[in-house]
Amino acid sequence: TGALTRSLYDEKCTFTDEIDTYTLDKWMDGTAKLFKNDYSRMELDGDIQVGKEEASFKFKEQLMFNIPILKPKVPLTGKLILKRGEDGLITSYREIWDQPVWQVLTSASFF
């Protein structure tokens with residue numbers, strides 16, 4: 001939904017998914033505009049792996065795009081890798097999807 005604890009992120013953190021790379025402000029704003037609704041949610045799918053330089057986990061999401069009238073819904077699974085700088089702040093947010101972009105988009109339901 002774009003909601004996160006901003007103080008955990010370096011202001012120069014990059015957010016990368018299978019589509020593009022974004023700055024912190026653009027990711028927060030764009031994600032909130034696209035998915036902030038009662039349907040969209042993310043769940044952990046297993047344990048969180050934490051090391052000195054990064055943390056990662058598998059996720060399962062149900063997303064509903066905020067597109068008027070249509071409101072397409074898609075399932076999405078993948079892995080999130082968060083890299084940390086020397087100060088402990090997150091410097092990189094990287095989503096690796098289990099499905100190619102075309103498959104995610106063509107799985108959309110409208111009901």
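Heads up: numbering here begins at 1 and tracks the sequence.
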Apply salt bridge (Lys or Arg N to Asp or Glu O under 4.0 Å) to residues Asp25 and Arg6 and explain how you reach the verdict. CA-CA 10 Å; Asp25 288 327; Arg6 190 175 184 128; 2.7 Å; yes
What distance separates Glu86 CD from Asp10 CG, expressed to the nearest 0.5 Å? 11.5 Å
Under 3.5 Å, side-chain donor or acceptor atoms of residues 103-111 against the rest of the protein: list the pairs with distances, not counting sequence neighbours.
{"from": "Thr106", "atom 1": "OG1", "to": "Trp102", "atom 2": "O", "distance (Å)": "2.9"}
{"from": "Thr106", "atom 1": "OG1", "to": "Gln103", "atom 2": "O", "distance (Å)": "3.3"}
{"from": "Ser107", "atom 1": "OG", "to": "Val104", "atom 2": "O", "distance (Å)": "2.6"}

Nearest 0.5 Å, what's the CD1-SG distance between Ile90 and Cys13? 6.5 Å
Same cluster for Met42 and Met28 if Ile/Leu/Val/Met/Phe/Trp/Tyr side chains link at under 4.5 Å? yes
Looking at Lys60, Glu43, Gln99, which one forms a side chain to side chain donor-acceptor pair (under 3.5 Å) with Thr77? Gln99
Fellow cluster residues of Ile81, listed by chain then number, with links counted only when side-chain atoms sit under 4.5 Å apart: Ile96
Side chain of Asn66, backbone of Lys33: donor and acceptor closer than 3.5 Å? yes
Which atom pairs, one a donor and one an acceptor, fall under 3.5 Å between side chains of residues 45-58 and the rest of the protein, sequence neighbours left out?
{"from": "Lys58", "atom 1": "NZ", "to": "Asp98", "atom 2": "OD1", "distance (Å)": "3.2"}
{"from": "Lys58", "atom 1": "NZ", "to": "Asp98", "atom 2": "OD2", "distance (Å)": "3.4"}

Could you tell me which non-hydrogen atom of Leu89 sits nearest to which non-hydrogen atom of Asp87, and how far apart they are? N-OD1, 3.0 Å
Remaining members of the apolar cluster that contains Met64, side-chain heavy atoms under 4.5 Å: Tyr39
Could you give the distance from OG1 (Thr21) to NZ (Lys26), rounded to the nearest 0.5 Å? 12.0 Å
Kindly compute the distance separating OG1 (Thr23) from NZ (Lys12), expressed to the nearest 0.5 Å. 13.0 Å
For Ile69, give me all partners under side chain to side chain contact (heavy atoms under 4.5 Å, CB included), at least two apart in sequence or on another chain. none
When rounded to the nearest 0.5 angstrom, what is the spacing between CG in Leu82 and CG in Leu8? 9.5 Å
Is any side-chain heavy atom of Pro72 less than 4.5 Å from a side-chain heavy atom of Ile67? yes
With a cut-off of 6.0 Å (strictly less than), are more than 12 heavy atoms of other residues, nucleotides or ligands near NZ of Lys79? no
Partner residues of Phe15 under the ring-ring contact (aromatic ring centres under 6.0 Å, His included) criterion, sequence neighbours left out: Tyr9, Trp27, Tyr93
Donor-acceptor contact below 3.5 Å, side chain Asp29 vs main chain Ala32: no
Following the transitive rule for hydrophobic clusters with a side-chain heavy-atom cut-off under 4.5 Å over Ile, Leu, Val, Met, Phe, Trp and Tyr, establish whether Phe59 and Val101 coincide in one cluster. yes
